[in-house]
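Each chain gets a letter, A, B and so on, in the order the sequences are listed, and its residues count up from 1. When reading the values below, keep in mind they use all heavy atoms of this one structure, side chains included, and skip hydrogens, waters and symmetry mates.
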There are 2 protein chains.
Amino acid sequence: MVNNESQQLTLIFSALSDPTRRAMLKRLSEKEVSFAELSEPFAMTKSAITKHLKVLENSGLMRRTIDGRTHYCRLNPAPLEKAAEWVTFYQKFWQKKLDGLDAFLNESTHKSSE
Amino acid sequence: MVNNESQQLTLIFSALSDPTRRAMLKRLSEKEVSFAELSEPFAMTKSAITKHLKVLENSGLMRRTIDGRTHYCRLNPAPLEKAAEWVTFYQKFWQKKLDGLDAFLNESTHKSSE
DNA sequence: TTTATAGTACACCATATGGTAAACAATGAA
DNA sequence: TTCATTGTTTACCATATGGTGTACTATAAA
């Protein structure tokens with residue numbers, strides 16, 4: 001089904017598909033940092049950083065607070081939960097099948113809608 | 001760090017970032033299917049299906065067995081585990097911080113390398 | 001007020017992505 | 001052997017993506 005949840009998964013997985021953005025999320029998991037601090041480890045222009053931040057923000061994984069001319073970025077882990085749900089569902093589902101517990105299919109409501 | 005594991009995460013998350021491929025994985029989680037069966041629900045050409053399958057195969061999420069002219073596709077859930085690890089690490093990490101258990105940082109070895 | 005700093009916007013570029021159409025290869029069936 | 005079927009390859013297209021450089025806005029500091 002192509003619904004909002006699917007679109008959200010697309011945004012989240014797309015955001016996670018870039019190593020720079022994954023590294024940014026790592027830093028954000030440690031503490032809230034400014035644009036300048038966040039961009040420091042990356043050998044790219046401010047424009048490129050701005051773009052990555054937009055992708056992260058658009059996926060919901062990052063939130064921003066502006067104080068004067070400083071933009072503070074922080075992780076918003078909620079969307080990660082959606083991604084985790086999706087991934088672990090298929091992972092566990094398949095594992096059960098490998099274990100020969102095909103009844104799992106009927107027992108568990110098929111939560112994931114796509 | 002831009003290592004093999006990072007590249008693998010990039011391939012996995014990229015593969016998962018497309019709704020058609022997620023739908024394909026859903027079908028594959030239920031049973032092994034042929035190319036024709038797998039492509040049946042999708043309104044696109046065989047060429048497009050071929051491309052999607054290549055992406056899935058390249059990420060390691062799908063395996064193929066050829067029998068005559070029929071290609072049988074099946075889910076390989078192992079890479080999903082890597083993705084799940086990555087996602088749940090940051091998710092749980094952050095949750096602990098929200099719970100005020102900052103000691104989590106020092107207690108747990110920081111498994112994820114990027 | 002002038003100057004420096006933090007970050008954005010815009011135009012541009014090369015490559016990747018998701019799709020098509022048409023031709024092809026390989027196998028199976030008549 | 002001829003024909004149908006399964007899937008791939010290739011060329012092509014439009015748009016997205018990840019990067020650059022330059023100009024800009026907004027705030028802070030001299």
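- For residues 56-72 of chain B, every residue pair satisfying the salt bridge (Lys or Arg N to Asp or Glu O under 4.0 Å) rule, not counting sequence neighbours, is listed here: Glu57(B)-Arg64(B).
- The side chain to side chain donor-acceptor pair (under 3.5 Å) test applied to Ser39(A) returns no partner, not counting sequence neighbours.
- Every residue meeting the side-chain contact (heavy atoms from CB on, under 4.5 Å) condition with Ser47(B), not counting sequence neighbours, appears here in chain and number order: Thr45(B).
- Per the geometry, CD belonging to Glu40(B) stands 17 Å off C1' belonging to dT5(D), to the nearest Å.
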Protein-proximity profile, nucleotides 19-30 of chain D, B/S/- by nucleotide at the 4.0 Å heavy-atom cutoff, equals BBBB----BS--
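- Atom CG of Leu11(A) sits about 12.0 Å away from atom NZ of Lys82(A), to the nearest 0.5 Å.
- Between the CG atom in Leu28(B) and the CE atom in Met62(B) there is a gap of 7.0 Å [rounded to 0.5 Å].
- Judged as a side-chain contact (heavy atoms from CB on, under 4.5 Å), and not counting sequence neighbours, the contacts of Thr20(A) are Asp18(A), Met24(A), Phe42(A), Met44(A), His52(A).
- Side-chain N/O atoms of Arg22(B) and Thr10(A) include a donor and acceptor closer than 3.5 Å.
- Contact of the Val87(B) side chain with the Phe13(B) side chain is registered, since non-hydrogen atoms from C-beta on lie closer than 4.5 Å.
- Where DNA chain C meets chain B (any atom under 4.0 Å from a heavy atom), the bounding nucleotides read 5' to 3' are dG18(C) to dG28(C).
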